[in-house]
Amino acid sequence: MKKALLLTSCLAVSSLFADNIAISSSDQYTIETDGLITNIYATAGVSDVNVNVTANNLYYLYAGHADSDAGHADSVDSKQLDAKYTVTGGATVARSGSGGVFGIRSSAGSSTTFTVKDGTYNIGSKDGLFKDIVIEASSSSTTGNSQKLIFDSTSTTNVFTSQLVMKANLGTTIEVNGKFNVYNVALPSLTKNVVVPADAPYSKINLQQSGSFTLGSTGTINTDTMTITNTKTTFNGTLNLKTTSETNALALAGNTTATFNNGSKLYLESGKRILLRDNATLTINQGAMIEADFVRFGDDKGGKGAKLILNGKDVLKNPAGTGDSNLLIVSGYKADIKVSQTNSFGQTSVNTQSEIFLELAFTDAESYINFGKIRGAGVTDAIFKVKNFENNRIKGYLGEQITGTQLWLYDEKLEDYVQLNADKFGWVDAGNGYFWLNMTAVPEPAEWAMIFGALALALAIYRRRK
């Protein structure tokens, strides 16, 4: 049954089944339909539009301006569109064919918000499984935009694809505040109520480009793996990575920043790991709960110095919750680690020519970093650099003590790292097989001469007084 597209002035538009619905005035629109909508777009000069869509079946939605020359929404111009689109009612969002796009595609410099709420949404193909589905919050322009694609806390979204690509360009945001499942199965049928198999295999999420992605405190994502490239990501909710086939469940690359805040959770299947490469930064704040067997720095693509920042106490555990995550630095890679409270790694593995830059930024007198069992037998030219070093703040289990590893400490006066000789540091027994890294401060020969000279002078003064 076909319903009308109504303006606030109650002017009815007769057909909703054409490929494009043109908005020709700055006003509030309500679209109610059981039909199929392909594109909604504004004509030239229109801005400040509020569109509410209630639909059971909603195809590939393009929210933007029509090209002034072509007269349709297949391409965009530079005109600004300030609009709010709200989709409710549990629409099945899909497009038949070999590809699909769902989201906002509007002009550079626009201010557009697209909100999915109040229902269960199934994104996929009526003809079967998509190879890829793309959800994007902007056009392909890399200029600054102020656009948002929001999955509201009242929504559940099921995506059926082998790989979900989520794009947010500069100045744009994708927010997931509801439940978001990515399944690697075909959509059974193009109906409003789709029963998702409980044992359905999960698929992949690929976040890319240069915008920002936020998982809200009420949001949950269930997927196979997540790869994040050059994207600012903030996690306040629960991220469950269900992969059983790939080792790198969460991979951060490029200039990605990923922050897990208080109340957020990351769960990886047993044996799976977090991969940090390029200039990626992972920050785990107090109150976050991260369960992963490994944190790995580097892969075969080379290393530029990824960073791990631990601002909470004991924020890394293995999936069983019975021990600490393991740390692995690939040969030739630079690992930058900053800790502000007590944290432990179950096992630390270094390789030839790998470098660890450790910054101690403790906020209290009791905190320390525990590297657990340090592995690296036969390793050569590995470098361990420490900033803000204090005795008895670095702890390790030396069952397989590193050989051929250099220790450097940061010198504030020189504003550089200074390599220490083996006789200047050592491991002091901390009990139960653990040791503290401690400065022994053995004097150099010149220092001994100064000491003996001072003692001789003191003795001469003492005798004269006698």
Side-chain angles (χ1 to χ4, degrees), residues 20-23 26-29 31 37-53 58-68 73-88 91 93 95 100-117 121 123 133-153 155 157 159 164-178 180 205-216 219 228-234 236 255-257:
N20 303 312
I21 297 175
I23 298 173
S26 298
D27 216 328
Q28 180 169 330
Y29 285 72
I31 301 175
I37 303 172
T38 303
N39 298 324
I40 302 174
Y41 69 94
T43 56
V46 175
S47 62
D48 301 318
V49 176
N50 195 323
V51 181
N52 297 296
V53 182
L58 182 65
Y59 272 61
Y60 166 57
L61 180 61
Y62 178 110
H65 268 113
D67 184 273
S68 57
D74 292 335
S75 59
V76 296
D77 61 14
S78 60
K79 298 181 179 67
Q80 185 173 350
L81 173 64
D82 296 324
K84 293 182 179 180
Y85 296 86
T86 303
V87 179
T88 63
V93 185
R95 183 189 183 190
V101 177
F102 166 69
I104 297 172
R105 306 188 73 189
S106 55
S107 303
S110 64
S111 176
T112 308
T113 300
F114 189 105
T115 304
V116 178
K117 62 185 297 184
Y121 299 83
I123 303 176
I133 288 181
V134 178
I135 292 181
E136 56 186 349
S138 72
S139 68
S140 58
S141 171
T142 57
T143 58
N145 296 296
S146 178
Q147 302 183 80
K148 290 184 179 181
L149 172 56
I150 301 174
F151 295 89
D152 189 81
S153 60
S155 67
T157 303
V159 182
L164 172 63
V165 179
M166 304 184 80
K167 297 181 179 180
N169 281 321
L170 286 170
T172 70
T173 300
I174 297 176
E175 294 183 11
V176 175
N177 300 308
F180 200 92
I205 290 181
N206 184 351
L207 297 179
Q208 57 183 251
Q209 297 186 351
S210 304
S212 61
F213 178 92
T214 300
L215 176 62
I228 309 174
T229 306
N230 294 325
T231 303
K232 179 183 178 182
T233 52
T234 303
N236 301 304
N255 293 312
T256 287
T257 61

Can you see whether Thr234 engages Thr214 through a side-chain donor-acceptor pair at a distance of less than 3.5 angstrom?
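No, no side-chain donor-acceptor contact under 3.5 Å.
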Measure the spacing between [atom1] of [X] and [atom2] of [Y] and express it to the nearest 0.5 Å.
X: Phe180; Y: Ile135; atom1: CZ; atom2: CD1; result: 4.0 Å
X: Thr173; Y: Gln147; atom1: OG1; atom2: CD; result: 10.0 Å
X: Thr113; Y: Lys148; atom1: OG1; atom2: NZ; result: 6.5 Å
X: Leu149; Y: Ile174; atom1: CG; atom2: CD1; result: 5.5 Å

Can any side-chain N or O of [X] pair as donor or acceptor with the backbone N or O of [Y] at less than 3.5 Å?
X: Asn230; Y: Asn255; result: yes
X: Thr231; Y: Thr229; result: yes
X: Thr233; Y: Thr257; result: yes

Can you name the nearest heavy-atom pair linking [X] to [Y], along with the distance?
X: Asn177; Y: Gly216; answer: OD1-CA, 3.3 Å
X: Asp152; Y: Ser155; answer: O-OG, 2.6 Å
X: Thr256; Y: Ile228; answer: OG1-O, 3.2 Å

Under the side-chain contact (heavy atoms from CB on, under 4.5 Å) test, residues paired with Gln208 that sit two or more places apart
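With sequence neighbours excluded, Gln208 shows a side-chain contact (heavy atoms from CB on, under 4.5 Å) to Val165, Lys167, Asn206, given in chain and number order.
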Side chains of Phe213 and Ile205: closer than 4.5 Å at any heavy-atom pair?
no
